[in-house]
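Presented below is the structure to which this report refers.
Here the structure is a predicted model, which means the values were calculated and not measured.
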Amino acid sequence: WKAKMLLDKNYKIGVIDKRIYGSFIEHLGRAVYGGIYEPNHPEADEQGFRKDVINLVKELQVPIVRYPGGNMVSGYHWEDGIGNASDRPRRLELAWRTIETNEVGTNEFMDWSKKVHADVMMAVNLGTRGIDAARNLIEYTNHSHGTYWSDLRRSHGYENPHNIKTWCLGNEMDGPWQVGHKTAVEYGRIAQETGKAMKLVDSSIELVACGSSNTDMPTFPEYEATVLDLAYDEVDYISLHQYYGNKSDDTPNYLAKSMDMDHFIQTVISTCDYIKAKKRSKKKIMLSFDEWNVWYHSNEADQKVEPWSVAPPLLEDIYNFEDALLVGSMLITLLKHADRVKMACMAQLVNVIAPIMTDNQGSSWRQSIFYPYKHVSVFGRGISLHSIIDSPKYDSKDFTDVPYIDSAVVYNEEKEELTIFAVNKHLEENIVLDVDIRSFQGYELIEHIVLENNDLKATNTVHRSNVVPHNQGESVIEDGELQIQCTSASWNVIRLR
Ligand code: AHR
């Protein structure tokens with residue numbers, strides 16, 4: 001089988017904001033306790049953070065991490081997590097019905113983020129709380145000194161402000177499951193007023209308003225329109241969340257779900273621009289796809305977890321090879337919208353629907369989805385290029401005209417490197433992708449990395465890594481044409497310089 005691609009270094013979608021390779025740590029399950037933080041672990045550092053986990057996060061080059069939730073933030077008292085650790089209260093955490101010990105709080109997480117070289121996207125509670133808690137938090141984290149909250153931070157050992165630049169105004173406020181769930185008007189108003197107060201404390205921050213929790217929400221996309229109508233002047237981004245699964249074990253249909261993600265992004269862009277036109281505004285709202293991933297493997301097990309324990313195993317999806325293919329396609333979709341999607345967070349990072357797992361014996365390992373995430377984060381920096389692809393297509397249960405070859409192209413001008421990311425969604429046929437690279441004369445192949453497996457359901461465990469990439473992919477350059485051999489059901493990274 002054959003597919004064709006045309007590209008040119010002058011046809012630019014936009015500069016890729018590295019924050020699209022962000023991730024997420026929520027106080028949920030074993031993400032914090034037993035994940036990033038385990039003071040009794042042999043590899044724990046002086047603050048109790050696991051160095052093996054820090055190294056795996058660094059391998060992913062995660063530029064920004066959303067924190068502390070998620071659904072959890074909608075009932076969170078950030079004041080519980082500051083000051084002397086032994087004085088901190090244990091609380092009922094209502095979103096996941098667990099006990100939160102508050103051993104890790106804002107300052108510790110800021111320390112951890114420095115260790116992994118990431119910025120923090122901090123979320124405020126607009127479920128059970130509002131303007132006052134949010135403006136006090138930003139005074140605590142971002143104001144230098146001479147006021148109650150900033151001096152309290154200094155008394156806690158943090159002389160310099162954390163200067164957190166990116167803030168989420170609540171989480172999934174459209175969802176009936178959310179503690180403090182709000183209609184679009186209720187949320188739009190509180191987002192507007194909270195955002196106003198936060199920017200009065202620190203005018204250099206950027207704010208993310210909640211959009212819809214997924215494309216199936218009955219209020220999508222009216223929720224976005226109403227919220228933006230009310231809070232347009234205060235906010236800079238609107239958030240999108242989406243998880244996919246393969247419950248019906250229909251792999252062609254599952255792999256086509258990146259088309260739904262693409263449609264979601266396009267609809268949110270149109271909604272933002274409709275409100276922009278309505279307001280005669282010059283300001284463009286950007287998109288923050290701050291929760292995305294595969295999530296379904298652990299659904300049944302989670303039903304059996306008894307409430308009110310500390311850090312129970314929750315949302316511990318064990319990812320297989322086909323999940324890595326869809327994750328690759330979702331990353332490609334983000335790259336194709338690099339002009340408007342400026343932030344995105346793979347949800348989440350450790351143990352909870354995560355690329356990195358730890359067990360209670362002290363080990364840590366990489367799940368299948370770790371690899372496409374790492375490849376795109378490491379090699380996908382620069383400019384996202386338009387490419388015209390002529391690929392054979394298929395129809396599935398929910399989608400028509402699904403291209404078998406899904407691809408994105410990144411040009412790193414500084415390093416003079418070109419990287420092509422491609423998924424072959426055909427489960428039986430290899431496809432040769434011919435790429436016209438005339439505008440990249442003299443470029444030579446560095447490597448062709450491939451993630452492939454005969455078993456779509458193959459997984460990695462603590463003992464065995466069954467899904468790992470190799471760099472023996474078959475690609476050749478001849479007469480200005482690059483020929484990429486995309487084996488059936490494969491994730492491909494082709495690097496040229
Ligand atoms: O990431 C897991 C959960 O998914 C988050 O807490 C919530 O925001 C979403 O529904």
Side-chain angles (χ1 to χ4, degrees), residues 23-60 62 65 67-70 72 93 96-101 103-104 108-109 112 115-116 118 243 245 293-324 327 346-374 451 453 455 457-469:
S23 191
F24 179 26
I25 290 279
E26 177 168 2
H27 281 249
L28 193 187
R30 299 191 306 120
V32 174
Y33 309 110
I36 64 168
Y37 176 83
E38 200 173 345
N40 297 326
H41 190 275
E43 286 204 52
D45 69 9
E46 66 297 343
Q47 283 187 290
F49 291 122
R50 281 181 62 159
K51 285 191 268 188
D52 57 334
V53 174
I54 288 175
N55 288 334
L56 285 168
V57 176
K58 284 198 333 209
E59 191 180 324
L60 289 169
V62 180
V65 184
Y67 176 84
M72 171 270 188
E93 196 294 290
W96 305 102
R97 306 190 76 216
T98 58
I99 289 177
E100 172 57 53
T101 62
E103 284 161 82
V104 172
E108 292 81 19
F109 191 75
W112 180 81
K115 294 176 191 196
V116 299
Y243 297 97
N293 203 348
V294 169
W295 173 14
Y296 77 106
H297 297 286
S298 58
N299 293 166
E300 269 174 45
D302 287 345
Q303 299 303 319
K304 298 180 190 133
V305 175
E306 290 292 322
W308 316 130
S309 63
V310 175
L314 282 171
L315 282 63
E316 298 207 357
D317 273 41
I318 298 301
Y319 291 113
N320 59 32
F321 169 62
E322 66 179 13
D323 299 329
V327 160
M346 175 186 260
Q348 298 192 10
L349 187 55
V350 184
N351 288 334
V352 171
I353 41 174
I356 298 169
M357 293 300 289
T358 68
D359 68 5
N360 53 14
Q361 312 295 311
S363 305
S364 47
W365 75 96
R366 299 166 187 81
Q367 294 233 54
S368 64
I369 62 167
F370 184 96
Y371 295 105
Y373 181 29
K374 171 181 164 176
L451 190 67
N453 204 294
D455 179 4
K457 311 294 180 192
T459 56
N460 294 343
T461 66
V462 63
H463 304 295
R464 233 182 113 87
S465 292
N466 298 308
V467 187
V468 283

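In this model, no donor atom of one side chain and acceptor atom of the other lie less than 3.5 Å apart for Asn320 and Ser368. With hydrogens and angles left out, the side-chain atoms of Ser363 and Gln361 include no donor and acceptor closer than 3.5 Å. Looking at Glu26 and Gln348, their side chains do bring a donor and an acceptor atom within 3.5 Å of each other.
Inter-residue side-chain proximity for Met357 and Ile318 is flagged as met; some heavy-atom pair is nearer than 4.5 Å. Side-chain contact between Val57 and Val65 is absent, with no heavy-atom pair separated by less than 4.5 Å. Looking at heavy atoms from C-beta onward, Tyr296 lies in side-chain contact with Asp323 at the 4.5 angstrom threshold. Counting heavy atoms from C-beta outward, Leu451 and Val467 have side chains that approach closer than 4.5 Å.
Distance check, rounded to the nearest 0.5 Å: CD of Glu59 to CG of Asn55 gives 8.5 Å. Summarising the geometry, atom CD1 belonging to Ile353 is positioned 7.0 Å from atom CG belonging to Asp317; distances are rounded to the nearest 0.5 Å. Atom OH of Tyr319 sits about 9.5 Å away from atom CH2 of Trp295, to the nearest 0.5 Å. For the atom pair CG (Asn293) and CG (Leu349), the distance works out to 10.5 Å, reported to the nearest 0.5 Å. The CD1 atom of Ile54 sits 11.5 Å away from the OG atom of Ser364 when rounded to the nearest 0.5 Å. Here the CD-CG distance, from Glu316 to Asp359, works out to 10.0 Å after rounding to the nearest 0.5 Å.
With hydrogens and angles disregarded, no donor-acceptor distance shorter than 3.5 Å links the side chain of Asn460 to the backbone of Trp365. In this structure a side-chain-to-backbone donor-acceptor pair under 3.5 Å is present from His41 to Gly362. The backbone N or O of Thr358 sits less than 3.5 Å from a side-chain atom of Arg30, completing a donor-acceptor pair. Side-chain atoms of Asn453 come within 3.5 Å of backbone atoms of Asp455 as a donor-acceptor pair (strictly under, hydrogens ignored).
Nearest heavy-atom pair, Asn466 versus Thr459, reported as atom, atom and distance to 0.1 Å: ND2-O, 2.7 Å. Here the closest heavy-atom approach between residue Glu108 and residue Val104 is recorded as OE1-C, 3.8 Å. Closest approach of Gly70 to Phe24, counting heavy atoms only: N-CZ, 3.3 Å. Among all heavy-atom pairs drawn from Ser23 and Met346, the shortest one is OG-O, 2.9 Å. Closest approach of Trp96 to Glu93, counting heavy atoms only: N-OE1, 3.0 Å. Summarising the geometry of Ala44 relative to Glu38, their closest heavy-atom pair is CB-O, 3.3 Å, with the distance given to 0.1 Å.
When each of Lys51, Arg50, Lys115 is checked for a salt bridge (charged side-chain N to carboxylate O under 4.0 Å, His left out) with Asp45, only Lys115 meets the rule.
Using the six-membered ring where Trp is involved, Phe49 and Trp112 have ring planes that are tilted, between 30° and 60° apart.
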- Task: Could you walk me through whether Val294 and Ile369 pass side chain to side chain contact (heavy atoms under 4.5 Å, CB included), step by step?
- Result: CA-CA 9 Å; Val294 169; Ile369 62 167; 5.6 Å; no
